[in-house]
Amino acid sequence: MRWAATALLALVGFAAALLLAGCALAGCALAGCAAPELAPIRDARPTQLQAGERMLVEASGPLFTVGAETRVTFDALGVTLPARAIAADRVVATAPSGAHVMGPSTVTVTQGEQRWTSDARAPFDVELCAPSLHRLANGWAARWPGPAWLWWMLALVAAAAIVAAPLPVVAGLIVVWERKISGYMGSRIGPNRVGPNGWLQWLADGLKLLMKEDIVPAEADARLFRAAPYLAFLGMFLTFIVLPFSRYAIVADLDVGLLFLLSVTSLVVVSILMGGWSSNSKWSLLGGMRSAAQIVSYELPASLALLTIATLTGSLSTERIVAAQGAWPWQWNLFRDPFTFVAFFIWFVSALAEGNRTPFDLPEAESELVAGYNTEYSGFRFSLFPLVEWVNIAVIGAVGTLLFLGGWRVPFVDAATLEGHAWLDAVGFAVFVAKDLAIVFVVIWIRWTLPRFRVDQMMNLCWTYFIPFAFVCFVGELVWVWLVPSTAAKLAGGAMFAIGGVGLSAWFVSRVRDNARRYQDLVLNDALGRGNT
Amino acid sequence: MTAAADEVVRVRADEWRATAERLRAEGFDFLQNLTAVDWIKDERIELVYHLWSYARRAGCVVKIDVPRAQPEAPSVASVWRAADWYEREQFDLLGVVFAGHPDLRRILMPDDWPGHPMRKDYVEATSYRGMPTTRANTLELLPIWDKSRGETKPDGAK
Amino acid sequence: MSERPGYFGKIAVAARTVAEGMAVTLAQYFRRPTTVQYPDRTRVPVVDSLPERYRGFLEVDMDVCTACKACERDCPIDVIAIDVEKRGDGRVMTRFDIDMGKCMYCGICVESCPVPAQAPGDAEPTKCIRMTREFEGATGEFSSLTFRFVEAGAPAPAYKHQKGTVPATPERGQIARAVRQRARAANPTAVRWSRVHQEGGALAELLAHDAVRARVAELAPGVTTELGPGALGAVIAGEALAKTDCGACGWPTCRAYAEAIAVGKERALHKCGPGGAKATRDVHLIVELARGATPDEAAMRAMAATLRRHR
Amino acid sequence: MGELILANETTGEEMVLNMGPQHPSTHGVIRFVIKTDGEIMREAVPDVGYLHRAIEHIAEKCTYEGFMPYTDRVDYVCAMPANHAWALAVEKLAGLEVPERAEYLRVITDELNRISSHCVALGAMAMDIGAITPFTYILREREYVNELLEMICGARLTYNYHRIGGVGWDMPAGWRDKVLAWCDHFAPVMDEFDRLITNNALFVARLANLAVIGAAEAIDFGLVGPNLRASGVDFDVRRDVPYSIYPKLRFEVPVGRGIVGTVGDAWDRYWVRAQEWRQSVAMVRQCLEQIDATEPEFWRAPKKLKPVGDAMARVEAARGDMSCYVVGDGGANAYRARFRTGSFNAMAIIREKSRGLMVADLVALIASLDVVAPEIDR
């Protein structure tokens, strides 16, 4: 009973922490909402101006009259630039000669005798993150003393906390789900004792690993050894910034979303290599080397597949990619045209390779390298590596959903109705999570079916099969977007959905039913009762 | 029930290598088994080679006697590759030295194990490198514990 | 598949076989799992679900045992020990032990037993010594796996078996369960263990301060710092050890062990098996007193050492 | 092995890896000293003897009947043929006759045990290549076989069922129908296993053309059983050196054909076993049909066994020709007993075949040869 008591205590503690964080943030958000109305000039970018460059000044409302003669002056520097109002709330100023450097000064726009200035305490030299967070930080900066950047930092940390808090829980739930799926696929049951039907097993494992001794091998390179897991966690955590879970639930809609995504996942490679090398064991070294070769070489086909989608949508921002897709399956990128259909499979398999998932789990191949790079780890430091791996599966699901399966788009709901009814956003979030979990199920399902590649076969597959096909898809996509008119594209989308989607899955369901029909269950000694009696 | 008793060939130790090559040429390409039997009473170790020919589906048994004090026989590892490990095992267990063997080392026992275990006059050491190789037999210890616990009978039963 | 697939052929084969494999695993996903949730969620206790010929723990029905020692003779690894004595006109078994920890459950003893027996609820007749369906015997101490079918004080008379009759015996498993319970309770270490945890147990009583002080008072006059190793050895052997010369400590006799302690060759002072906690405590007391420690100091150190060794 | 490592002292690029004796995929307590250059192995030197229990030495201490339980421990994955070998050898030595019904029961239990041994072999091979689910499927099927054998002789692994002169027990009531029901159940499972793993492209890619062993080389190294037949040698002790009632049964002997790679590669060794257990199921069915015609006597126990002379009996176990050479000098104990097992020679060839392979291939090679530690060290 002692053990169950500690688990209960930990659960209550965790829930309380979450609740506390939630209340604190809700309090701040409420305080933030009552911020004073915004300064007329909202934003002026870019901040450093060279000769001939143009600067965009945005107002917080439709203030300017197009065509009127306008001038933009930097009050602190005393410089005035001729400008042109291109829209009711936008003015473009051009720097005639010499390099103008804009420091932290306010900007005033004068048209005729009207003058509008920007708010001194709201530095807008960087487009921070989602507008709601942006306004929240502004509100704090306006109401309380202290430099504006401090409140920006606080807002960022709060956003990070919101995103990081559920990560261990998400990873834990996926671990338990995987163990249950692998159970039923291996004619076993999987965890069913801790918590309701086994769903609290992750908490028990987490606690156990917390209590286990954290050993650093004697001749290990101690600093690298200790730093490796945290680097991997950082790499995995950063990817959550650009993932659009729903219309509003996105931390920062970076214009270079996909690029950021790809570059951040390579941090995991560095950490695995550090872990493998610093454990000072030959087996770990082999594991580390294998994973470096694997992830680096599969980065290429993965990024090419992403580029195919980027060319289709015309932008790298995850927000726009989701916006460009419709809600119905035939409007998804997956069935948009044959090239994206192939690109999906290339991306999916490369993502498996980058996540060290079977059939590419060479770095921690049980039968050869015992546990590969994380053989020497134990205790809490060890628990970070599996946590990163299972969060990575969730990220694979999320990226797959937003790129190929139409992200959070809900049928019958377009952008306008979404503005009006905010609760529809939650439905979008649910749709996103459902598609994400579908991909996660496939990832887990593959692990419990396929054997493992050998190192040279894995490399050969990448360089002779995946990269050529990825290039073909990329170039094909360029030609497709350039040549095929939009009506024909829609028809192709429908056809692709019919053949690829419905046709393939119908064949597959018939194979599954055939397997189920042939197997005759046998019971020799049913006195004990099988399965979940 | 089984095939006709295979014909037994007795060979002297020094001419064994030539006989082996002749038998190999005749078609006995499979060295099925090599056993060394320690006849301690008449001071000899008998090497029994079982050969088999896949082509003729027939077997042949070769028996060689070597003196027990200093057992020495020519190695046939060059004729049949299977003999390599067989001879190492018989060397390990009965101390039969096979001249010309590529790598005559112990195969089953640890390298520095004293004596050859399958010899009839082998006495097992009670410990190896300080580790006891025998375990107290509970059946013998129990009477002693009964006597010594005589006075503190369990649950007070005097 | 006889011809080798080309570049695109390989892709097609790979896709098809991977899909086939995944179809199999998904089909299995919806079937009933075969796990039996032993030990707590089974419909019937596992022992009842085992087939009749299951070879679990041995049991001997002492009422029909003719003390012919056939089983002891035929057992390949001699795990059966029977002591027979003559009592008046008949023969009596004072000891019938089977070391189930060493037994390999081969059933040769059952085949060699001459006395047939019919247990209720069994389709096939069995013997006086037979295997039951009991198998749960996990214990902390190896010696508690020795089943003792003859009680300490009640020797069993040998049964006279008339040829051709099949005596009745109780249901298979009852005797085994009872004997296993007794074995767990009565084995030396279980006694030590239960003692330490029971109020007023022997070990606890041994280590109670006043008992130690009384013992120190007994030993103190005989033990002085001027004692030579020989004399000290004699005191240790005489006062502390169990004097059984059983060799459990690795020394041939108690005197040799005591001499070795006195001379300092033997560092470990707790190796007297039969003596147990009492011997360890007394040896420590004598050695500490011989080194000139005050009675209280010697008592404390001896208690600490004994507690550490016999926890 | 100490001086061996010193001899392999690394100079520059190569490193010495110590795989075993406690390693997930060495199928028991075996150790390999691997000299590798990164992934490619120069050589993998096996070091055996960790599981040596001196079974042949014990045979000299036990009576002929008392030694039978020890033969289970020679190869605990496939114990019945070992019982059979010892029973046959002593019967041949002492010239005993065995009732026909006992021979049928022996063959039925041998073939059932061969199927459960192949279950372990094929399942472990799939798991060493990385597919974990086939192993759990096949262990579920093996559980049925264990239950059947438990009903007839009371034990699941170390059966001690055969006796000198017959078998320990006759079939319990209703056992025959349960075995037939199991045979009907097992047929589709074998096909499902082929669909799941045998023809899987990754599995084939990992095993095709891996460690190809030619026919002459296999014979020279003394390989037997499935390893030998995979190299194209059409030899099976049950058919070519007939014993027991195998002449009365109709069965084919699968021989490697190099379907996906060349003849004698690792996939062929897998494929031969995957065909062999189909033949075993067919044989069990034939035996169960023919056994009713025999009279109910199943054991003619010899009175006092004090044979003189020597005898060799060959039995086709799951890992090939397990033969037992026993010498009797008139005493109640065997004067000398020698068990020749398949894994011993299979392990000898690994050093030769491992040159130039990758570490992952060594694991696949060991699994394909179906080497089991107790058989090597005895």
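All of these numbers come straight from a predicted model, not from anything done at the bench. Per chain, numbering begins at 1; letters A, B, ... match sequence-line order. Side-chain atoms are counted along with the backbone in the values below, which use heavy atoms only and exclude waters and symmetry mates.
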D/Arg140 to C/Gln28 - nearest heavy-atom pair and separation: NH1-OE1, 3.0 Å
Tell me, do D/Tyr70 and C/Met104 make a side-chain contact under 4.5 Å, heavy atoms counted? yes
For a 4.5 angstrom cut-off between non-hydrogen side-chain atoms, does D/Glu150 reach C/Leu50? yes
Output the distance between atom OH (C/Tyr105) and atom CG (D/Asn160), rounded to the nearest 0.5 Å. 14.5 Å
Check whether D/Pro134 gets within reach of chain C through its side chain, its backbone, both or neither, counting any heavy atom under 4.5 Å. neither
Side-chain touch D/Phe67/C/Pro76, heavy atoms, less than 4.5 angstrom: no
Taking side chain as everything from C-beta outward and backbone as N, CA, C, O, which of these in D/Arg257 sits under 4.5 Å from a heavy atom of chain C? Side chain, backbone, both or neither. neither
With a 4.5 angstrom heavy-atom cut-off, is it the side chain or the backbone of C/Thr25 that approaches chain D, or both, or neither? both
Are D/Ile197 and C/Val24 side-chain neighbours, meaning at least one heavy-atom pair lies under 4.5 Å? no
What part of D/Ile152 is in contact with chain C, defined as an atom under 4.5 angstrom from a non-hydrogen atom: side chain, backbone, both or neither? both
Where does D/Glu147 contact chain C at under 4.5 Å (heavy atoms): side chain, backbone, both or neither? neither
At a heavy-atom separation under 4.5 Å, does C/Glu111 approach chain D through its side chain, its backbone, both, or neither? side chain
Could you tell me which portion of D/Thr63 (side chain, backbone, both or neither) has an atom closer than 4.5 angstrom to a non-hydrogen atom of chain C? neither
Calculate, to the nearest 0.5 Å, the distance between atoms CG and SG belonging to C/Asp74 and D/Cys62 respectively. 11.5 Å
Contacting region of D/Trp175 [heavy-atom separation from chain C under 4.5 Å]: neither
Quick one: of D/Cys153, D/Ala155, D/Gly258, who has the most non-hydrogen atom pairs under 4.5 Å with chain C? D/Cys153
Distance check, rounded to the nearest 0.5 Å: C/Thr34 atom OG1 versus D/Glu141 atom CD? 9.0 Å
Could you tell me which portion of D/Arg195 (side chain, backbone, both or neither) has an atom closer than 4.5 angstrom to a non-hydrogen atom of chain C? both
For the backbone of D/Ala201 and the side chain of C/Thr17, can you confirm whether one donor and one acceptor N or O come within less than 3.5 Å of each other? yes
Interface moiety of C/Arg31 toward chain D, non-hydrogen atoms closer than 4.5 Å: side chain
